[in-house]
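So the structure is just underneath, and the comments pick up after that.
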Amino acid sequence: YENGVASRLLFVNYVQPTVPNANDYIVTFAVGGAQTGLPAVTPATVKVKYLRADSINSKDNITWAGQTFGAQFQSDGRLQGDLDIVTIQCNAADGTCNVPVPGPSVALVFLTDSAVASSGADITQAETFATTVTTGKSLPSMNQADLMASNGRNGGDPLGTTSKSSSKDNSAAALRNGVSSGWVMGVSLFASFALAQSLL
């Protein structure tokens, strides 16, 4: 339904025939009328798109409204072949429609012209789109007030960096700080040992 109006029907036939056409069936339907208590609004004609394959196990040679994506491992993602939408005349006398559903297949029945149009049936040429390439550095940003209110280190005593330009400088600074701390600690230990020796 679209905007309260019946627009599409879907019928599925999963049966794999051992003899061609042996398991085809015909769906008879009506929109409104009879015991439904609703106005009879069965259209004069319906359009049908079929999803077809040789077998329910087929991996290629699958067609959608007469078109296919190509053979297995040879598809470029574009439909190939001529679009084939089947038009079926309904029975004006009793207000019903008969739609064949071959086995195996899926039949998508369009009850209105707007439903057909919205399915892309009026597109006769494949659309292409330019490839978008993004280059350069990404510059993320964050509200400083939110950052200061977070449970992080508030910018003090940074533990590292993801910046390409500062990672080397920070590593060198960390190395200098480590060497300086080690030197001071060594001098302190030497002084403490010398003092202890003088008191003995």
Side-chain angles (χ1 to χ4, degrees), residues 1-140:
Y1 280 80
E2 290 181 350
N3 299 318
V5 178
S7 58
R8 299 175 184 84
L9 295 171
L10 184 71
F11 304 116
V12 181
N13 186 349
Y14 288 110
V15 180
Q16 176 65 49
T18 55
V19 178
N21 304 320
N23 295 102
D24 297 357
Y25 72 88
I26 296 177
V27 175
T28 300
F29 70 89
V31 183
Q35 69 270 25
T36 65
L38 300 173
V41 290
T42 303
T45 62
V46 296
K47 295 184 183 300
V48 185
K49 281 186 174 183
Y50 287 100
L51 179 68
R52 300 294 308 271
D54 295 331
S55 164
I56 57 174
N57 298 317
S58 296
K59 295 181 179 180
D60 54 8
N61 196 30
I62 300 171
T63 61
W64 170 239
Q67 296 179 306
T68 177
F69 285 108
Q72 191 175 10
F73 306 123
Q74 295 180 2
S75 174
D76 63 359
R78 293 180 297 178
L79 286 169
Q80 305 171 15
D82 296 328
L83 183 66
D84 181 20
I85 302 178
V86 179
T87 299
I88 296 177
Q89 295 289 332
C90 297
N91 303 318
D94 59 4
T96 62
C97 279
N98 298 318
V99 177
V101 186
S105 74
V106 175
L108 179 59
V109 182
F110 298 94
L111 304 177
T112 64
D113 292 337
S114 59
V116 179
S118 65
S119 72
D122 56 342
I123 299 176
T124 58
Q125 186 173 0
E127 295 182 82
T128 58
F129 302 90
T131 301
T132 301
V133 178
T134 302
T135 60
K137 296 181 180 180
S138 176
L139 301 175

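Side chains included, hydrogens not; waters and symmetry mates left out as well; all remaining heavy atoms used. Residue numbers count from 1 along this sequence.
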Heavy-atom side-chain contact between Thr68 and Leu79 under 4.5 Å: no
Sub-4.5 Å side-chain heavy-atom contact between Val109 and Phe11: yes
Ser118 (side chain) donor-acceptor with Ser114 (main chain) under 3.5 angstrom: yes
Heavy-atom side-chain contact between Ile88 and Thr45 under 4.5 Å: no
Stepwise side chain to side chain contact (heavy atoms under 4.5 Å, CB included) check, Val48 with Val99: CA-CA 8 Å; Val48 185; Val99 177; 4.2 Å; yes
Donor-acceptor contact below 3.5 Å, side chain Thr28 vs main chain Asn98: no
pair Leu9-Phe29: side-chain heavy atoms closer than 4.5 Å: yes
Candidate pair Asn23 and Tyr25, rule side chain to side chain contact (heavy atoms under 4.5 Å, CB included), full reasoning: CA-CA 6 Å; Asn23 295 102; Tyr25 72 88; over 6 Å; no
Side chains of Trp64 and Phe69 in contact at under 4.5 Å (non-hydrogen atoms): no
Where Gly103 and Asp24 come nearest, the two heavy atoms and their spacing: N-OD1, 3.0 Å
Value rounded to 0.5 Å, distance of CZ in Phe110 from CZ in Arg8: 6.0 Å
CG-CD distance between Asp84 and Gln67, expressed to the nearest 0.5 angstrom: 9.0 Å
Considering all heavy atoms, the nearest Thr96-Cys90 contact: O-CB, 3.4 Å
Ser119 versus Lys49, closest heavy-atom pair with distance: OG-NZ, 3.4 Å
Heavy-atom neighbours of Asp94 CG exceed 12 at 6.0 Å: yes
Straight-line distance of Thr112 OG1 to Lys47 NZ, nearest 0.5 Å: 11.5 Å
Audit row: Val106, Leu10, side chain to side chain contact (heavy atoms under 4.5 Å, CB included) steps and yes/no: CA-CA 7 Å; Val106 175; Leu10 184 71; 3.4 Å; yes
Minimum heavy-atom distance Val46-Cys97, with the two atoms named: CG1-SG, 4.1 Å
Side-chain heavy-atom pair Tyr1, Ser7 within 4.5 angstrom cut-off: no
Side-chain heavy-atom pair Asp54, Pro104 within 4.5 angstrom cut-off: no
Closest non-hydrogen atom pair, Val15 against Asn13: N-OD1, 3.0 Å
Closest heavy-atom pair and its distance - Ser105, Tyr50: OG-CD2, 4.4 Å
